[in-house]
Amino acid sequence: AQSVTQLGSHVSVSEGALVLLRCNYSSSVPPYLFWYVQYPNQGLQLLLKYTTGATLVKGINGFEAEFKKSETSFHLTKPSAHMSDAAEYFCAVSLNTNAGKSTFGDGTTLTVKP
Amino acid sequence: DVKVTQSSRYLVKRTGEKVFLECVQDMDHENMFWYRQDPGLGLRLIYFSYDVKMKEKGDIPEGYSVSREKKERFSLILESASTNQTSMYLCASSGGTDNQPQHFGDGTRLSIL
């Protein structure tokens with residue numbers, strides 16, 4: 001079984017500041033990890049994913065995430081927040097024993113202040 | 001680009017009605033999913049399907065059923081709608097391997113009066 005914990009249901013940053021959204025997972029086998037973004041009244045869109053290989057993963061819109069096995073973490077960062085980054089962000093984990101299902105975190109709402 | 005289309009963005013139904021939510025994907029994906037999304041509860045899996053006519057219960061299947069007669073289409077059925085089924089419903093699809101991300105529709109906001 002696997003689980004995902006997103007620390008902080010709401011994060012607020014100023015425009016131009018660093019964005020850090022935290023995600024920790026638990027799984028008994030090597031996981032596949034994803035970050036999705038959801039803008040108001042839309043579905044989720046993939047930001048980035050880690051499957052194998054390089055542990056620092058770059059995604060769309062300047063976001064990146066680093067897979068740290070020793071810390072069971074996959075935190076999402078962006079050096080400089082933009083107003084358009086305001087959205088809800090979901091971390092998800094999938095296992096190769098799970099027939100395509102993912103387990104999603106509860107989400108973190110990012111607010112960007114001018 | 002993968003497109004997942006949900007038939008309605010907004011839907012209002014009455015208690016006791018049978019409600020159908022339709023979802024179509026255009027990328028020949030094996031897996032399809034139905035979630036509901038409620039404030040503070042994240043995404044909860046209702047049902048998923050890994051092939052035509054195959055389905056598996058998710059975390060909250062009670063009060064719902066599904067149908068997958070064709071690979072591209074996955075329907076969610078509320079057998080007798082109740083007010084506690086008022087929610088945002090999201091459909092998703094993914095390829096056949098577990099390292100594939102899910103592709104989501106824009107959601108159906110369903111209100112049961």
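So you know, we letter chains A, B, ... as the sequences are listed, proteins then strands, and number each from 1. In what follows, every heavy atom counts, from backbone to side chain, and hydrogens, waters and symmetry copies are set aside.
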Is it the side chain or the backbone of [X] that comes within 4.5 Å of chain B heavy atoms, both, or neither?
X	value
A:L46	side chain
A:E88	side chain
A:T51	side chain
A:Q6	neither

Heavy-atom distances under 4.5 Å only: say whether [X] touches chain A with side chain, backbone, both or neither.
X	answer
B:Q37	side chain
B:Y10	side chain
B:R9	side chain
B:L41	backbone

Query raised in the report: Can we say B:K53 and B:E69 salt-bridge, meaning some charged N sits less than 4.0 Å from an Asp/Glu carboxylate O?
Result: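 Yes, B:K53 and B:E69 are salt-bridged.
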
Requested in this report: Let me see the working for B:F74 and B:F48 under ring pair (Phe, Tyr, Trp, His ring centres under 6.0 Å), right down to the final yes or no.
Outcome: CA-CA 9 Å; B:F74 192 36; B:F48 87 103; 8.6 Å; no

Query raised in the report: Between A:L33, A:T52, A:N41, which shows the greatest number of heavy-atom pairs under 4.5 Å with chain B?
Result: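 Heavy-atom pair counts peak at A:N41.
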
Query raised in the report: Using the benzene-type ring in the case of Trp, are the ring centres of B:F33 and B:Y47 under 6.0 Å apart?
Result: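 Not close enough - the centres of the two rings lie 6.0 Å or further apart.
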
Query raised in the report: Are B:F104 and A:Y36 an aromatic pair by the rule of ring centers under 6.0 Å?
Result: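 B:F104 vs A:Y36: aromatic centres under 6.0 Å.
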
**Report entry** Within 6.0 Å of CZ in A:R22, more than 12 heavy atoms from elsewhere
**Finding:**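 Check fails, neighbour count at 12 or below.
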
Query raised in the report: Is there a side-chain contact between B:D28 and B:K71, using heavy atoms and a 4.5 Å cut-off?
Result: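 Yes, close enough: below the 4.5 Å cut-off.
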
**Report entry** Side-chain donor-acceptor pair present, B:D38, B:S87, cut-off under 3.5 Å
**Finding:**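 Judged by distance alone, the side chains do pair up.
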
